[in-house]
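Some notes on the structure that comes next.
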Amino acid sequence: MLIRHTVCRFLEQRGFTVEAASNGLDALEALKRIHPDLIITDMQMPKMGGTEFITVLKSQHSTKDIPVIIVAGKQSGFEETEHRADFAIFKDIDIQQQLAKALQLTLDWRRAEGSAAAK
């Protein structure tokens, strides 16, 4: 919960509108009414973990192209096994610094990709 709060606060301070969910099932419910530019998900959540959540995201037409940033422990290995994520942030390293880099790389990359593809 502390990490979710830190991530939400970081994003809100930079002008992002944030919708938070406490687990993958709640996030999927939220995605029925919102279409975010970016999804940041913890890999270890109750009810539905990050891997299962990403599987559902990538299988649905409406959410498959939304960039995903995963949050995991450095020793978990998720950054190496979850290839569908655009970026990985580690819980045990300065989260704010990593978030800044992830946002810059992920959103700038998506903007360039979108304009090149003329979407």
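The shown structure was predicted, so the numbers you read here are calculated from the model rather than taken from an experiment.
A distance of 10.0 Å separates NZ of Lys64 from OG of Ser62, quoted to the nearest 0.5 Å. Summarising the geometry, atom CG belonging to Leu38 is positioned 4.5 Å from atom CD1 belonging to Ile69; distances are rounded to the nearest 0.5 Å. With rounding to the nearest 0.5 Å, the separation of CG in Asp86 from CD1 in Ile70 is 10.0 Å. From Thr63, atom OG1 reaches atom CD1 of Ile34 across 11.5 Å, with rounding to the nearest 0.5 Å. Put simply, CZ on Phe87 and CD1 on Ile40 are 10.5 Å apart, with the number rounded to the nearest 0.5 Å. Interatomic distance, Thr41 OG1 to Glu52 CD, rounded to the nearest 0.5 Å: 11.0 Å.
Annotation for Gln44 and Asp42: closest pair N-OD1, 2.9 Å, computed over non-hydrogen atoms. Nearest heavy atoms, Met43 versus Thr51: CE-OG1, 3.3 Å.
Here the side chains of Ser22 and Arg4 are in contact, with some heavy-atom distance below 4.5 Å. Residues His35 and Ile66 have side chains in contact (heavy-atom distance under 4.5 Å, counting atoms from C-beta outward). Contact of the Lys58 side chain with the Val68 side chain is registered, since non-hydrogen atoms from C-beta on lie closer than 4.5 Å. The side-chain heavy atoms of Leu57 and Leu31, taken from C-beta on, include a pair separated by under 4.5 Å. Residues Met48 and Leu25 are in side-chain contact: their nearest non-hydrogen atoms beyond the backbone lie under 4.5 Å apart. Residues Ile39 and Ile54 fail the side-chain proximity criterion, which asks for heavy atoms closer than 4.5 Å.
Identified under the side-chain hydrogen bond (donor to acceptor under 3.5 Å, both in side chains) test for residues 7-19, with sequence neighbours left out: Glu19-Arg33.
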